[in-house]
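This report concerns only the one structure given below.
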2 protein chains.
Amino acid sequence: MSTPAVDRSPGSADAAPDAKWDAELVPDARGRTVRPSPDCPVEVALAAISGRWATLVLRELMHGPRSFGELRDRLPGLTAKVLTERLRDLEARRLVARTAVAAFPVRTQYALTPAGTALRPLLLELYRTGAALLDARA
Amino acid sequence: MSTPAVDRSPGSADAAPDAKWDAELVPDARGRTVRPSPDCPVEVALAAISGRWATLVLRELMHGPRSFGELRDRLPGLTAKVLTERLRDLEARRLVARTAVAAFPVRTQYALTPAGTALRPLLLELYRTGAALLDARA
DNA sequence: CAGTATCCCTGTTGATACTG
DNA sequence: CAGTATCAACAGGGATACTG
């Protein structure tokens, strides 16, 4: 894949140690990646909000716990299949916790975990940045 | 698509006016979207950093203007085709400006515009959030 | 040096219909 | 109520080879 050519990096395989990094932009070694890597914090954050509808589902859950039906009602156009996919993904990342009540009819509650709540500043920053871009074009 | 049923919203078609919104999370009407929309600030910001390798290309340009070859050298594994795609996309969004010097050999400079530089806080927040998620799992 | 041109392959999304 | 099962359509990305 990558041309071996000359190995100028004495360090690990996926870093560029001899470059001068912006200490604010790249505070530690995890950010000195040369390719999209699951170990890079930026990629981890992007993965957390990845997938269509993901930020909208998170926004709804930021308002408090919601049932499957409530989420579906709040986001018409989002099919049950995709909603399930998003929720399962968020659950796998431990950002959302599911609580199913085995009654009839079945009730399921989806709530943010502390890790999920930690995404709030990121959503705010996304909004801020996007709004600034929109205003700049206006 | 959406079940017409009862139209409980007296306002526009893509908003839910009767819901109570978190004023910090959704500061204005542009955030009260019911589906992924190009008008939503969050979507605009996500679009700005969309595409594989995008954040890495932006990171490199945050360090200063770079030529096509410099970017390619700094990001081995990124093919010329995809690098071109990312740069063209960023250019179309006015986040990056291209300056080609018609000499021989050809020299091209890619630099962030003010709008592109405005993405820095977002990248920092992505890093912060991702690092927090990584630390939480450790 | 700075790209283009193809081809192919894979993942993602959406529509629709069905179930414990 | 809270999902699952299929299937079709599409876009994104990578490998490779070529050009002004």
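In this text the structure is predicted, and so the values were computed from the model without any measurement. Below, chain A is the first sequence line, B the second, and so on; all start at residue 1.
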If only atom types and distance count, is the side chain of [X] paired as donor or acceptor with the main-chain N or O of [Y] below 3.5 Å?
{"X": "R86(B)", "Y": "R52(B)", "answer": "yes"}
{"X": "T113(B)", "Y": "L95(B)", "answer": "yes"}
{"X": "Y110(A)", "Y": "L87(A)", "answer": "no"}
{"X": "R93(B)", "Y": "A47(B)", "answer": "yes"}
{"X": "R59(A)", "Y": "T33(B)", "answer": "yes"}

May I have the distance from [X] (atom [atom1]) to [N] (atom [atom2]), rounded to whole angstrom?
{"X": "R35(A)", "N": "dG14(D)", "atom1": "CZ", "atom2": "C1'", "answer": "12 Å"}
{"X": "R52(A)", "N": "dA11(D)", "atom1": "CZ", "atom2": "C1'", "answer": "12 Å"}
{"X": "L75(A)", "N": "dG14(C)", "atom1": "CG", "atom2": "C1'", "answer": "15 Å"}
{"X": "D73(B)", "N": "dG3(C)", "atom1": "CG", "atom2": "P", "answer": "14 Å"}
{"X": "R66(A)", "N": "dC1(D)", "atom1": "CZ", "atom2": "P", "answer": "16 Å"}

> Which of these nucleotides, dG3(C), dA2(D), dG20(D), is closest to any side-chain atom of F68(B)?
Replying inline: dG3(C)
Just to confirm, is there a sub-4.0 Å distance from OP1 or OP2 of [N] to any side-chain nitrogen or oxygen of [X]?
{"X": "Y110(B)", "N": "dC1(C)", "value": "no"}
{"X": "R98(B)", "N": "dG3(C)", "value": "yes"}
{"X": "W53(A)", "N": "dT12(C)", "value": "no"}

>> Below 30° counts as parallel, above 60° as perpendicular, anything between as tilted: where do the rings of H63(A) and W21(B) land?
In response: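 Correct class here is perpendicular.
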> For DNA chain D, which residues in residues 78-89 of chain A have a heavy atom at a distance below 4.0 Å?
Replying inline: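 Those residues whose heavy atoms fall under 4.0 Å from DNA chain D, taken from residues 78-89 of chain A in numerical order, are A80(A), K81(A), T84(A), R88(A).
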>> Both P105(A) and P36(A) contact DNA chain D. Which one's nearest nucleotide lies toward the 5' end?
In response: P105(A)
>> Partner lookup for dA11(D), please. Criteria are Watson-Crick or G-U wobble with both distances under 3.5 angstrom; report none if nothing qualifies.
In response: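 Answer to the pairing question: dT10(C), which forms a Watson-Crick or G-U pair with dA11(D).
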> Considering every strand shown, what is the Watson-Crick or G-U wobble mate of dT4(C) when both distances are under 3.5 Å?
Replying inline: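 By the stated definition (distances under 3.5 Å), dA17(D) pairs with dT4(C).
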>> Salt bridge check, E85(B) against K81(B): does any charged N sit closer than 4.0 Å to a carboxylate O?
In response: yes
